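In this text, all values refer to a predicted model and were calculated from it rather than measured experimentally.
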There are 2 protein chains.
Amino acid sequence: MARTDPARAVTLTDVARLAGVSVATASKALNGRDQVKDSTRQRVVEAAERLSFSPNALARGLLAGRTGTVGLLTSDLEGRFVIPILMGAEDAFGAGQVSVFLCDARGDAIREQYHLRALLGRRVDGLIIVGRQTDPRPSLGPDIPVPVVYAYAPSDHPDDRSLTPDNTGAGRMAVEHLVACGRTRIAHITGEHAYAAARDRAAGVRDALTAAGLELVGDVMYSEWSERWGRDATAMLLEQHPEIDAILCGSDQIARGALDMAHALGRSVPDDVAVMGFDNWEVLTTNSRPELTSIDANLQQLGRTAAQWVFAALDGKDIGTGTQFVDGRLVIRGSTVARR
Amino acid sequence: MARTDPARAVTLTDVARLAGVSVATASKALNGRDQVKDSTRQRVVEAAERLSFSPNALARGLLAGRTGTVGLLTSDLEGRFVIPILMGAEDAFGAGQVSVFLCDARGDAIREQYHLRALLGRRVDGLIIVGRQTDPRPSLGPDIPVPVVYAYAPSDHPDDRSLTPDNTGAGRMAVEHLVACGRTRIAHITGEHAYAAARDRAAGVRDALTAAGLELVGDVMYSEWSERWGRDATAMLLEQHPEIDAILCGSDQIARGALDMAHALGRSVPDDVAVMGFDNWEVLTTNSRPELTSIDANLQQLGRTAAQWVFAALDGKDIGTGTQFVDGRLVIRGSTVARR
DNA sequence: CTGTTAGCGCTTTCAT
DNA sequence: ATGAAAGCGCTAACAG
């Protein structure tokens with residue numbers, strides 16, 4: 001049962017006493033220091049096990065100046081981005097080596113400040129700040145006494161270190177895939193123009209089309225990040241430009257709507273028209289009919305790199321400044337390539 | 001920029017020196033103890049602010065025996081359940097008062113053990129264990145020295161304290177809604193029979209049907225938790241039982257598939273047939289056409305209660321044992337009720 | 001190889 | 001009202 005321990009937690013002193021040595025020796029024995037006789041170490045280890053001794057990380061941290069903890073401060077309410085990033089960070093840190101405080105600021109600057117203070121008070125060794133869009137976010141400033149890496153949303157200050165998906169590259173990658181599939185009349189439906197993600201992907205789309213000697217069919221269609229918009233835009237598109245053979249959508253949600261409407265209007269996917277999205281949100285991409293080709297932002301990789309940077313900075317290495325872009329990964333499914 | 005502090009962090013000693021008092025007095029002043037002259041307190045507070053002093057929570061925790069941290073140990077890879085639970089917990093704890101370590105065991109018992117040891121070593125005040133299904137999970141056993149609450153997945157040991165969605169009640173609630181909408185020929189498509197969530201919801205469905213003097217149309221259709229199954233099952237259903245006027249689906253994903261196929265077969269939703277799901281996963285429910293009625297499991301509430309229990313246990317209160325069920329909440333949308 | 005000592009930053013008696 | 005001192009659990013220097 002979940003009981004509040006009435007007895008004091010077992011300490012190194014208890015172990016030392018049981019093993020019949022001093023705490024110092026016990027400490028050395030358990031930490032693999034080499035000035036300990038094998039038989040002594042043996043005794044200490046056994047004593048520790050018998051008492052199920054678990055060293056107090058607070059005491060250790062207090063002394064070492066390092067706590068082995070990292071703060072992940074997010075505003076991503078759904079956890080769509082932060083969970084893969086957390087997993088990547090855990091990978092990089094090694095499970096159990098480093099523990100991660102996850103704080104959700106819910107897009108509220110005040111709450112963010114609270115959490116920030118708390119994390120610094122707990123002497124985290126580093127911070128990873130996860131935004132919910134790829135638009136630059138306000139910097140925490142230069143006075144944070146630990147390494148900070150901004151993930152997903154870059155910092156708006158050039159001296160900070162940020163890591164964000166390469167949406168322009170992803171846009172290019174998408175078009176290159178469609179072109180490789182033989183598509184030449186490509187339209188682009190996307191989300192809100194206010195989002196850098198939408199604009200950047202669109203820019204990449206244009207680049208790649210130009211490079212392929214093609215032109216976008218119609219204008220980039222900006223509106224909301226929703227299935228509804230995907231449906232509505234697709235209806236308009238197929239009406240005005242019946243010749244299109246590919247609809248590139250700015251998100252998987254939009255793509256789901258496009259797929260839906262294409263079917264409703266009697267177009268076969270991918271035979272008549274290819275459809276693809278961005279984000280590779282599995283619940284959407286692998287459940288549609290056909291399954292949806294998408295660009296995965298490699299967030300787990302992003303999280304891993306962010307964590308490695310924090311570590312590197314801790315070790316005194318220079319991790320530089322500015323924003324680094326993480327490549328996306330094309331995930332091909334049935335909505336752009338006919339089933340074999 | 002994110003720099004590793006070259007200078008030592010500012011300590012209470014620094015503050016005391018600047019204020020011209022002893023550390024003891026500084027401590028009292030900052031912690032609102034009442035044996036301090038107002039003018040002295042003033043000076044100390046100012047000094048602390050000037051130095052942007054942030055008390056070392058490790059040192060404090062070492063002394064107090066409480067750390068103000070809680071471990072959230074999950075195996076919910078997508079974060080679908082754990083994020084609302086985390087938010088609920090943060091609500092209950094108060095942002096900044098308590099910090100939450102989030103660890104993802106990824107369904108791996110070894111990794112779970114690693115994380116558990118790490119968390120206990122960091123002297124968390126309590127643990128919330130979040131499973132990814134509502135089936136009972138192995139207990140961590142009686143020897144955890146801090147309060148443990150199992151959330152979402154209950155523990156398989158009766159002496160543990162668990163909190164899980166009331167799926168039976170949710171099944172009942174769903175049927176009651178459909179009946180209230182005038183539906184009488186109701187079918188039930190759901191996920192894998194191996195999942196307690198599927199079986200429990202189905203049991204509730206049967207209860208409520210019986211109570212209403214109705215019978216399920218056909219058998220409960222168990223298979224996978226996917227849109228594909230929703231589509232396939234719906235096709236079979238409409239073929240074999242064209243008279244049905246409601247399809248209750250075991251998840252929103254299945255419901256999306258059902259919606260899709262109902263349309264494809266020329267049935268109007270909700271006029272000819274009502275469709276509803278469970279989970280209220282917004283990306284699915286609010287983007288479909290029509291939007292999907294669903295039962296929300298109130299996970300944020302669940303997280304809040306779990307956190308409150310941990311706290312209560314810490315304060316020495318008896319939080320009892322066994323599993324408590326959290327009521328779901330009906331969210332009515334257009335798939336069961338025609339738009340006004 | 002082992003033990004003694006000091007001290008990480010803080011709170012809390014207990015004197016003054 | 002203030003300060004000196006002890007100690008939370010641990011590790012690192014230094015002595016022996």
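- In this structure, a donor-acceptor pair under 3.5 Å is present between the side chains of A/Arg122 and B/Ser99.
- Nearest-nucleotide positions on DNA chain D for B/Ala24 and A/Val23 put B/Ala24 closer to the 5' end.
- Of all nucleotides in DNA chain D, those with any atom nearer than 4.0 Å to a heavy atom of chain A start and finish, going 5' to 3', at D/dG9 to D/dA13.
- How far CH2 of A/Trp309 is from CD1 of A/Ile128: 11.0 Å, rounded to the nearest 0.5 Å.
- Side-chain contact annotation: B/Thr164 with B/Ser162, donor-acceptor N/O pair under 3.5 Å absent.
- B/Arg60 places its CZ atom 13 Å from the C1' atom of C/dT12, with the value rounded to the nearest Å.
- For the contact set between residues 27-52 of chain A and DNA chain D, defined by any heavy atom under 4.0 Å, the members are A/Ser27, A/Lys28, A/Asn31, A/Arg33.
- Comment: B/Asp76 does not engage B/Arg137 in a salt bridge, judged by the lack of any side-chain N to carboxylate O separation of less than 4.0 angstrom.
- Here A/Arg41 does not pair with A/Glu46 in a salt bridge; the nearest charged N to carboxylate O distance is not below 4.0 Å.
- B/Asp166 contributes atom CG, which lies 10.5 Å from atom CD of B/Gln324 (distance to the nearest 0.5 angstrom).
- The pair A/Asp91-B/Arg106 meets the salt-bridge criterion, since a charged nitrogen lies less than 4.0 angstrom from a carboxylate oxygen.
- There is no side-chain donor-acceptor pair under 3.5 Å between A/Asp159 and A/Thr321.
- Look at CG on B/Leu63: it is 10 Å from P on C/dT13, rounded to the nearest Å.
- In this structure, A/Thr11 reaches the sugar-phosphate backbone alone: every heavy-atom distance under 4.0 Å involves primed, P, OP1 or OP2 atoms, never a base.
- As rounded to whole Å, 9 Å separates atom P of C/dC10 from atom CG of A/Leu62.
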